[in-house]
Structures are given as C-alpha cells and as structure tokens.
Novice: 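One structure is given below, represented as structure tokens, and several questions about it will come after.
Only heavy atoms go into these numbers, but all of them, side chains included; no hydrogens, no water, no symmetry mates. By convention in this document, chain letters (A, B, ...) are assigned in the order of the sequence lines, proteins followed by strands, and residues within each chain are numbered from 1.
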Amino acid sequence: MHGRPRKAPTPEEENASSLKATKLRSLQSQFLQNHHSKNYTKEALEISAKLLESNPEFYTAWNYRKLAVEHNLKQSETGTDPDSIESIIDEELRVAESALRRNFKSYGAWYHRKWVLRKGHTSTDRELQLLEAFQKRDARNFHAWNYRRFIAALMDRSDAEELLYTTDMINKNFSNYSAWHNRSVLLSHLLEKRAQGFFPKEKVLTDEYDLVHQALFTDPDDQSGWFYHLWLLDQTVKVETPLLISSWPANGVDLNVSSDSFPLILYFSEAVEGVNSSTISVESAWDANKDLFWRPLSANNSGSAQAWVAHLDFPNEKPESLKSFPVKVSLGHSQGIVSSNGFHYAHPSCFEFTVCVRPQNKEHDPRQSIEMISWRDENFHVNETHFQVSSDPIKYFDQLKIDENSEPTGSKWHLKTIANEIALFRELLSEINCKIGKLTLARLLTAHDAMMPYTKSPDAYEMIHFEEVLELYSNLMKLDPAHSRYYKDEYSLVLFQQVASSRESLLKHCFLYGGSTGSSINNYICLRLNNLSLSRIGSVQKLLWVQMLDLSHNELQSIEGLEAMQLLSCLNLSNNKLGSFTALEPLRLLKSLKVLDISYNEIGAHSVDTRRYLCSSPLSHTAGSDWNFDEFAVSGVKVTNYWEAFSIFKGLNLTQLDIVGNAIPDEKFKLFLFRLLPSLKWLDGEELH
Amino acid sequence: MGELEVEKHVKYILLVEKRKDDFESVVMEHLRMNGAYWGLTTLDLLGKLETVDTEEVVSWVMKCQHESGGFGGNVGHDPHLLYTLSSVQVLALFDKINVLDTDRVSNYIAGLQNDDGSFSGDMWGEVDTRFSYIAICCLSLLHHLDKINVEKAVKYIVSCKNLDGGFGCTPGGESHAGQVFCCVGALSITGSLHHIDKDLLGWWLCERQVKSGGLNGRPEKLPDVCYSWWVLSSLIMIDRVHWIDKEKLVKFILDCQDKENGGISDRPDDAVDVYHTYFGVAGLSLLEYPGLKAIDPAYALPVDVVNRIFFGR
Ligand SMILES: [Zn+2]
C-alpha cells in the first residue's frame, strides 16, 4: 500500500499475480480449515508458517499458532509429545523472525515474538543482535524501538546502559528522532530517580545542551534535534510546583462594591485541582464566607483549572455605614492543591484586601433602566484624572507581590544557561537565516523574560525583549508562510504580555465609557484592545479586574482564557473570526456578562467545527444529560440542530446581544434565542418588547 | 490544481468491493471489514452511499460476528477490536446499529480492559493505545461507555504522552501521527483534552507539513496522504488546524489522484488503494473541500451520522 509505483501491469505481471493469488488463496483456505477444526499437527502448523511467511499480517494465523503452542506445551508437559519445550519455542521464534524479514512493520509478527518470549523457556541473548540487524536496516522503525524497550525490561538492562545506546545511535547519525526520543524517556527516568551520575540535574542538562547543539548546528533544517532542545528548555525553566500568580481582588485593594456578592478569583501558574474550602482559608467578618464553594474555570468536568472562583457574600445590613471590612485569603498551609503532574502547592502565602459595601439603588425594575451600550468610538474617553482615584483597579495590576517571599524561579544557573543559549542562537543567526534559529531565539527570550519578575522588584519590572521577540515572529511569518498563523498566534501572546506588562502600557488602552447619561454602565473603564490583529488571547491573569472589554476588529478564532475574567459584564467580539457557537464556550462561565457583541464573525460559515471537542457536549460525555430542548421548542424546527447555541446561551442572562453578520440565516433561530434568553432587551440594535 | 474526480473514485471503490481474485485482494482478505469501512465511508462523504445494497452489507457484517460479541476482519477470521470498531462504524453509516445486541458487543470490548486501564486488541493481550481509542470510540457509539473504567483508561493514555506532546503505542513509545490521532480522539470522546498541551502538540503536528504541502507522520519522514487524516483530525480536535497551509495540502492530495481510473495513492504517481482513497477524501472533507459531506474528527464518521447518534433524530 505504500511506495508502489502506479502503472498498469503487463500481461505477464498479471499472470504472475494471479498465480500468486491462487497459491495464497489455497494456503489461506487450508489454514482456516485447520484453525476451525483445531488441527495442530506438524503438517497443519507447516501450512500456517508458510502462510505467515508470505503474509505476516494474517493475524488469525498468529492466533492459531499461539493456540497450537499452548496445546503442544501441554502435551509435552504430560510427556505424550516427543517435542521438547525448547523446540516448540524455537520454532515460533523462527517463524516470527522470517515473517519479520518479510515485513518488519508487521504488528502481528513482533507481538508473536514478545508473546513467546514472555513464556520464558528460552534465552533472550539473541534478541539484541536481531534488533541490531533490524535497526541497521531502518534506524527509525518504531516497532523495533518498542521491542527494544520490551527486551531491555525483560533482560533488566539499566536505563544508563540503554542511554549509551542512544548516544551511539545519535553519534552515528544526528538525524535520528527515534533515538532522541528514547533518550528523553530514559533521561527523564534517570533524573527523576536521581540515579548515580545523573545528579545534579544542572550538570546533566548542560551536557545535553552540548550534544543537541551539535545536531542543531550541523543541519539546522533537520527537525530531529528541535523537539529535544525545546524539551531541554522546558526542563530548564519549568517550576515544578504550582504557584499562585494573581488574584482578584488583588493584594492590598480597597474594594467598593455595590452588590452584596462578588467573585474571588485565584489564578495559578498551571492547572490545579483540589481548590476548596479546606485548602483555601478566607477570613472575613462574615461566617457565610467560611465554607466557600470553589468552582474551576474550565470547559470540561475535570475538576482542574488554572483559574478558580468563589463568591463572597456580604449581607447588606446597614447600608448607611460605609465601613471597610478586611478580608484575608491564605493558601498552602494544608496540602491538597495539586498540579496535573502531581506536584503540590508548596508556598504558603496569603493576601489581604478590604471591602466596602455601598448601598444599592433598588428603586426600579432593572429591565426598565437598561440602555443600549454602543461601542462606537465617540463613547470612549481618555480621562487620566479618573484613573488616579483610590478605587482604580489598575493601580493594583501588579499582583506579583504575592510571591515576594517565595523563592525566585530563576537561579543563577538557570539565568546563565538561558543567557548562554541566547548568545549561541544569536551567533547562529548572524551566520545563517534559519527558521529554527529564529523560533528558538524567540522562545529563549520569552523564557528569559518570564524568569525576570521573580528576580527583580516589581517596580523595576521591565521586559526588555518584547520588541525583539515581536520582530522575530513577524520575520518568521515571511520566512515560513505555511506556518504563518502559528507565528501569528505566538505574536499575539507576546503583544498581550506587552500590553499587560505595566500600568503605563495598560493605561494607553483604557478608556472611560460615557454613553447617554444615567446608564449604570457609565464611567466603566473599558479596556480597548481593538484593531490589533490579535489572533488569540493571553496574559489574562493581569486582566482579572476588567469589566468592559473591546476586542473587536481582530482575528480571534478562539477566546480561550476569557473564562477567568469573572467581572466581565460587557464584551465586544465583533468583526473577528469566531467560526462557531462552540467557540464561545468560555462565556458560559461568565455569569455577570450582560452585553455581548459577536456580530460579523464566521459563526455558521464552516462545515468543520474546530471547537467541537473543546466544549461541553454529549459527544464528549461532558454535558447533555440535563438538556431539555423541549422547553425551548420552536414549531417546525429541530431544536437539536441548535445544540451549540443552546449549550452556550442557556446559562447566560444577557440583556443585549448583537449577532448580525454571521451565517445564521434562520429567522426561527431568533425565536429560539428569545426563549433561551428571556432577559434579552436588545437584539442587533433593536429594542425587544 | 485539478479537481476531485468524484465519479471516478466512486467507480473505483465499487470495483474494488467486487474484486476478489487478484493478489492484492487476497492479501487484504483478513482486513476486509476495515476495507468496507474505508470504502463505504468514502462513498458516504462523496454523497453516493445509496448506490450500495444495505441488506447485503449488513448481513455480511453480521456473519463476521463471533459468539464473544467481537467481529473478525472477514467471515471465519478471529475477532479483534480493530474489526469490531469497523463493523459498528459500517452499521452506523446505514443507521443499522439496532441490528446489534449492543450489550454483547460492549461486553466483549469492556472485557478487554486491563488493570492498568489499557486495552488489549483481543484475547492474546497485545496492548496499544490504538485499542484504547477503538474501545472508547466504539462503546461511545453504542452508548455503553459506562461499562469500562474511563478514568483508568484516560490515565493509561496520558502515561503514553511524550516530551514532544505526542503519544506512542505504549509508555515510552515514540510519537506517531496515527497514535496521536488515537489518543487525542479517545481523550476528546471522554472530555479529557485538558491533559494535552495543545500548543506543544499543535506545533509538533503542524511541523508534519513538508515543502510539497503533504503531511508526514513523524519528523524527517516522507509525506503520505493517509497522514492528512491522522494529523488533520488531531489538529482540528485541539483547534490548531490553522497552523498549517490548507491550500497546499489540498493540492498535494489532489495530486495523488489517479485521474484515469480513480482512487488516491500515498504519494503522487504511486499505486492507489482504498485505504488512501478514504484518507484522501476524508482529509479533503476536513479541509472543507466543496461538495463533500463533513466528517467528525473523533468518531471518523460523517457528522450527520454522529449527530444522529448523539442528538437523536
Ligand atoms: Zn499511507
């Protein structure tokens, strides 16, 4: 099926082929007869051997031989069969070997050999020799490599010994991804065990960098070393234990709230589980906040997430007393918060803020007072003075204070190693213009910057490489156009980092919303990140305070990350590339969202839904058991056709929705939306009655 | 760039179905059930499934079922997960899952789960993440996922994850696009995609695209039409398919057509077969090639078939 040239067979070839077919067919039918009648005589076995030697993929024949082995072993144990156990086993090894010589990619033949060896009764000495022969023929054959791991385990060969074998293979030919792969597996084990000669990790990694440099610099276009280098970089910079990297409210905030409940958000360095009222302690003046219910902000039901939310309740007893109440949140004092790799949160830390509950105006029906939000430019004003007031949430954007007492993630060795690598790749790039050099340099600089916040004081916190990294990615888009959208996504992430890196850069994008007077939304600070060609969202941990966000006129096809922004109440996603309702999955978790603009996207325009398995649905067994479409039935429509919209909108309380400009032509769909969103007051700019 | 030769491919598939006497057909006899799945799904994607006699197919499929509940690759061949999934998929295409005793089939599959969560392909115990996918996909189509320990099954798959973000056959096995599809598919169906580093795996997968526009299955290997499916479906499930150049890939697949006699091959000017014809057409469907039915990236069945199973009629 692979690598045969396409040509019409000559009559001679056709004859030969049909002759071969007749022979094989007769072998196959003889064999099946023997198999069905459980005939395990020498002659019958001979037929199956012949069959397998010419067609090793005929799996039933391997099964038959296993049955025969078991049958004959039993016979020889009871002494009625003259064949010794050894000769039975040897014969199987012979058949498997000659089948492998015919086709060394045959799953059945490799497995038969394993099955036989597992029975014991024979030496494994020959196996490494045999493997060497196969690996000489094809150094990348993954069956052979898998078999090698099996044999190494069976023979109790040490990981260090096997590591030497990969060194040999790599030195013979740098372009052996299989060997690099096996090396990473073995080395991971050895480092984890802190085996003799593989400690400290720093020394081992330094040697590995040297090895992979040889590969990368010998042929930068060969991919074999790329992924290994990326893995080394990850080994160098990764912090094993999860950290709390930001929160809302942030440490030190004096918060004014007008409602009697608000979200408390914790944002970790990676997805964790085990966030609950026993692992997080919240001290406040109200008992009600002792047993908080923590919810993971992720699309699946995994119970693990990078961001977690709980709602703090402040009974509005005495509205006239504008007293501030302190709240203290501490975590890490008891075990239980665990990363997906099994590492426990290990830095006991705490943060504090104060809450002042302002009296609410409850005089009229909320639906009456709802005004339409207009995202037009003239409604947004720059107002520097407003941002100086003490309630300014951005003032506290730098939540890194939390980690003040924890250990810096970048030790001297880490920083030196990354700096070395940066210098080396800069040198490479001064000689040749190569993609992997640029990409690696961009990644190294990003890794370097990511280590900085922990080693500098927050005030001096300044990322020096943004411009250089952005330049590298723009360059890569031109150099390697086939993958340009990968670089574009990376570019967007860096842009987000840059915007969120300092108060000053954030302020450039902050505006006061001032629509018609009297709106409750008035004087909201809107973060406007429109028209930046952003293709994905990042640095959300620094944007947890945002209530109004304008991401219109970008190239977003995913809004992953927004789920952490629990304060969001107005969101503009118009004129992006969102391709389906399922792409809106993160919104499902934004319970305070009221105003949503998704007009002029590509919803409904694609036959392939790339978010189909990243959202909750019956297809992935993550939702659906409680879906009752009947309640929202619209006559003459299969409501199940709208399951994507149903899954997103059913839990939201939107008052304003703009959806025009997508491929949703159906008027009936609007009827369905009205049923689903009874709170809706504005649809596509028109007031509903 | 040429066009998809729909009529010729349909003719080719129907011809292969009937051909039984040449060497190729004899060599492939043991996996005829897979062949049926490849051929019939292609016909459905091309909108031509009605040219097939449903009763004939269903009764042949049922002849391949064993007492145990599992299916063989052909009549008289041993049961194995590989052919059990194809059987269920073929029946699903014709909306005939109801002819099955789904309990019996599911029990056969569930019985192959091992203590560590992995699955054997059959009673002889070969373990591979391919079988994890098959078991999970098949049980889900039969609405019997509750018969296995899903948590352990997921844990085993995750234990086969590599430094490059991909997956191998067993723990420590090298990443391979086919294996990646199986693991990503199984994790999709069980709502467990959070175990995947989508950016890391996405980059490994998108780097499978070589200069010609085709995709290979591992670094430094030749491109091959069948990887259009394995790589593309995986990229779609983790929402990273925009990282490759789709137009170039469409061109590569179309260049692999036999424009005279129909069928698609692994590479331009090689001999065609049903396997690559299916993966070529399915790949084009994933690339939103006009006129083709959409295919579901996880269940490897047309989207309308999958929606019928999970959202009712
Ligand atoms: Zn192929």
Side-chain angles (χ1 to χ4, degrees), chain A residues 1-6 17-18 20-21 24-25 28 32 36 55 57-60 63 66 107 111 115 140 142 145-146 149 175 177-178 181 184-185 222-224 227 231 271 298 300-302 304 340 481-483 485-486 557-558 606-608 610-611 613-614 616 618-622 640 643, chain B residues 21-23 26-27 29-30 76-78 80 124-126 140 145 162-164 169-170 172-176 188-195 203-204 206-207 209 218-220 224 236-237 239 241-245 248 258 265-266 269-273 275-276 286 288 294 298 306 310-312:
Chain A
M1 293 209 278
H2 286 112
R4 273 185 304 119
R6 181 188 303 165
S17 158
S18 104
K20 260 166 70 189
L24 188 57
R25 178 170 294 285
Q28 289 181 182
L32 283 174
H36 296 148
N55 185 8
E57 293 287 55
F58 201 97
Y59 70 101
T60 303
N63 297 347
K66 292 189 187 74
Y107 284 96
Y111 183 66
W115 183 86
R140 295 289 309 280
F142 71 86
W145 281 98
N146 285 343
R149 274 184 291 273
S175 178
Y177 189 83
S178 307
H181 159 76
S184 77
V185 174
D222 188 281
Q223 296 191 349
S224 307
F227 297 90
W231 175 68
S298 67
N300 49 64
N301 300 333
S302 64
S304 114
S340 57
H483 299 111
R485 291 187 64 195
Y486 168 71
Q557 66 156 36
S558 155
H606 293 279
S607 60
V608 171
T610 58
R611 305 295 302 184
Y613 287 96
L614 293 168
S616 314
L619 297 165
S620 56
H621 305 273
T622 42
T640 48
W643 70 267
Chain B
D21 290 323
D22 66 325
F23 185 67
V26 178
V27 161
E29 206 178 87
H30 66 279
H77 293 236
D78 284 359
H80 193 285
W124 297 107
E126 183 181 6
S140 179
L145 206 52
N162 290 319
L163 80 131
D164 50 26
C169 305
T170 47
E174 181 183 344
S175 300
H176 176 289
S188 290
I189 293 170
T190 54
S192 313
L193 284 176
H194 56 280
H195 289 294
W203 183 56
W204 187 86
C206 81
E207 283 295 341
Q209 186 161 39
R218 292 189 283 157
E220 301 304 321
D224 179 335
I236 288 172
M237 287 186 272
D239 194 20
V241 73
H242 56 291
W243 286 357
I244 61 158
D245 186 331
K248 275 175 99 175
D258 182 336
S265 53
D266 56 348
D269 301 320
D270 275 359
V272 302
D273 57 60
Y275 173 84
H276 287 95
L286 292 176
E288 304 187 86
V306 173
F310 291 97
F311 298 103

Novice: Enter the distance from A:Arg485:CZ to B:Ile244:CD1 here, rounded to the nearest 0.5 Å.
Specialist: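 The CZ atom of A:Arg485 sits 11.0 Å away from the CD1 atom of B:Ile244.
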Novice: Below 4.5 Å, heavy-atom pairs only: which of A:Phe227, A:Phe142, A:Trp231 has the largest tally toward chain B?
Specialist: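 The candidate making the most pairs under 4.5 Å is A:Phe227.
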Novice: Between B:Val272, B:Asn162, B:Leu286, B:Leu145, which residue shows the highest count of heavy-atom pairs closer than 4.5 Å to chain A?
Specialist: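 Among the listed options, the one with the most contacts to chain A is B:Asn162.
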Novice: Looking at A:Ser184 and B:Leu163, what are the two nearest heavy atoms and their distance?
Specialist: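 Looking at all heavy atoms of both residues, the shortest contact is OG-CD2, 2.6 Å.
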Novice: Tell me, side chain or backbone of A:Thr610 under 4.5 Å from chain B's heavy atoms, or both, or neither?
Specialist: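 Both parts, heavy atoms under 4.5 Å.
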Novice: Heavy-atom cut-off 4.5 Å, strictly under: side chain, backbone, both or neither for B:Asp224 against chain A?
Specialist: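 When you check distances to chain A, only side chain atoms of B:Asp224 fall under 4.5 Å.
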Novice: Side chain from CB out, backbone as N, CA, C, O: work out which of these in B:Glu207 comes under 4.5 Å of a heavy atom of chain A, or both, or neither.
Specialist: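 Backbone plus side chain of B:Glu207, per the 4.5 Å heavy-atom cut-off to chain A.
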Novice: Say whether, by atom type as modelled, one donor and one acceptor occur between the side chain of A:Tyr111 and the main chain of B:Trp124 under 3.5 angstrom.
Specialist: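 At least one qualifying donor-acceptor pair exists.
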Novice: So which part of A:Ser178 gets closer than 4.5 Å to some heavy atom of chain B, the side chain, the backbone, both or neither?
Specialist: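 Contact with chain B is through both the backbone and side chain of A:Ser178.
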Novice: Please look at B:His195 and chain A and tell me whether the side chain, the backbone, both or neither of the residue comes under 4.5 angstrom of a heavy atom of that chain.
Specialist: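 Neither part; nothing is under 4.5 Å.
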Novice: Any donor and acceptor pair, going by atom type alone, linking the side chain of A:Arg6 with main-chain N or O of B:Ala271 inside 3.5 Å?
Specialist: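 Checked: no pair found.
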Novice: Short question: side chain of A:Arg140, backbone of B:Arg218 - any donor-acceptor pair under 3.5 Å?
Specialist: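 Here the side-chain-to-backbone pair does not exist.
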Novice: Ignoring hydrogens and geometry, is there a side-chain-to-backbone donor-acceptor pair from B:Glu288 to A:Ser607 under 3.5 Å?
Specialist: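 Such a contact is found between B:Glu288 side chain and A:Ser607 backbone.
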Novice: As an exercise, state the distance from CD of B:Glu29 to CG of A:Leu24, rounded to the nearest 0.5 Å.
Specialist: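 Rounded to the nearest 0.5 Å, the CD-CG separation comes out at 8.5 Å.
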Novice: Between A:His36 and B:Gly76 (side chain of the first, backbone of the second, donor and acceptor by atom type, cut-off under 3.5 Å), is there such a pair?
Specialist: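 Between the backbone of B:Gly76 and the side chain of A:His36 there is a qualifying donor-acceptor contact (under 3.5 Å).
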Novice: Between the main-chain N or O of A:Trp145 and the side-chain N or O of B:Glu174, is there a donor-acceptor pair closer than 3.5 Å?
Specialist: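 Not confirmed, B:Glu174 side chain does not pair with A:Trp145 backbone.
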Novice: Heavy atoms only: give me the nearest A:Ala482-B:Gln209 pair and the separation to one decimal.
Specialist: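 Closest approach of A:Ala482 to B:Gln209: CB-OE1, 4.3 Å.
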Novice: Hey, could you give me the CD/NE2 distance between A:Gln28 and B:His77, rounded to the nearest 0.5 Å?
Specialist: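 Rounded to the nearest 0.5 Å, the CD-NE2 separation comes out at 6.5 Å.
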Novice: Sort out for me which of B:Asp270, B:Ile236, B:Asp269, B:Asp258 touches chain A most, counting heavy-atom pairs under 4.5 Å.
Specialist: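 Top count of heavy-atom pairs under 4.5 Å with chain A: B:Asp270.
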Novice: Given heavy-atom pairs under 4.5 angstrom as the criterion, report whether the side chain, backbone, both or neither of B:Cys169 touches chain A.
Specialist: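 Contact with chain A: side chain only.
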Novice: So, B:Asp266 side chain and A:Gly3 main chain: donor-acceptor pair closer than 3.5 Å or not?
Specialist: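 Yes: the side chain of B:Asp266 pairs with the backbone of A:Gly3.
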Novice: Would you say A:Gln557 and B:Asp239 make side-chain contact, with heavy atoms under 4.5 Å?
Specialist: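 Of all side-chain heavy-atom pairs linking B:Asp239 with A:Gln557, at least one is under 4.5 Å.
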Novice: With a 4.5 angstrom heavy-atom cut-off, which part of B:Thr190 approaches chain A: side chain, backbone, both or neither?
Specialist: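 Only the backbone of B:Thr190 comes within 4.5 Å of chain A.
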Novice: Side chain, backbone, both or neither: which part of A:Arg149 has an atom under 4.5 Å from a heavy atom of chain B?
Specialist: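 A:Arg149 touches chain B through side-chain heavy atoms alone.
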Novice: Heavy-atom pairs under 4.5 Å with chain A - which of B:Asp78, B:Asp245, B:Val306, B:Thr170 has more of them than the others?
Specialist: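 Option with the greatest count: B:Asp78.
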Novice: By a 4.5 Å heavy-atom criterion (distance strictly below it), what part of A:Asn55 contacts chain B: side chain, backbone, both, or neither?
Specialist: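 Only the side chain of A:Asn55 comes within 4.5 Å of chain B.
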Novice: Heavy-atom distance under 4.5 Å to chain A: side chain of B:Ile189, backbone, both or neither?
Specialist: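 Contact with chain A is through both the backbone and side chain of B:Ile189.
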Novice: With a 4.5 Å cut-off on heavy-atom pairs, point out which of B:Ser192, B:Ser175, B:Ala294, B:Cys206 contacts chain A the most.
Specialist: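 Heavy-atom pair counts peak at B:Cys206.
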Novice: Look up atom OH in A:Tyr177 and atom CG in B:Asp164, then write down how far apart they are to the nearest 0.5 Å.
Specialist: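 The CG atom of B:Asp164 is 3.0 Å from OH of A:Tyr177, to the nearest 0.5 Å.
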Novice: Within this structure, what is the NE2-OG distance for the pair A:His621 and B:Ser188, rounded to the nearest 0.5 Å?
Specialist: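 Those atoms lie 11.0 Å apart.
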Novice: Is B:Phe311 close to A:Leu619 at the side-chain level, that is, under 4.5 Å between some pair of heavy atoms?
Specialist: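 A side-chain contact under 4.5 Å exists here.
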Novice: Please flag which part of B:Tyr275 lies under 4.5 Å from any non-hydrogen atom of chain A: side chain, backbone, both or neither.
Specialist: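 When you check distances to chain A, only side chain atoms of B:Tyr275 fall under 4.5 Å.
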Novice: Which one, A:Val185, A:Leu614, A:Asn146, leads in non-hydrogen pairs under 4.5 Å with chain B?
Specialist: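 The residue among A:Val185, A:Leu614, A:Asn146 with the greatest pair count is A:Leu614.
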Novice: Calculate, to the nearest 0.5 Å, the distance between atoms CZ and OG1 belonging to B:Phe310 and A:Thr640 respectively.
Specialist: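 Here the rounded value is 14.0 Å.
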Novice: Check each atom of B:Val27 against the heavy atoms of chain A and say whether the ones under 4.5 Å are side chain, backbone, both or neither.
Specialist: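 For B:Val27, backbone and side chain are both near chain A.
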Novice: Minimum heavy-atom separation for B:Glu220 and A:Ser224, please, with both atom names.
Specialist: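 So the two residues come closest at CG-OG, 3.7 Å.
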Novice: Parallel, tilted or perpendicular: which one describes the rings of A:Phe58 and B:His30, with boundaries at 30° and 60°?
Specialist: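 Correct class here is tilted.
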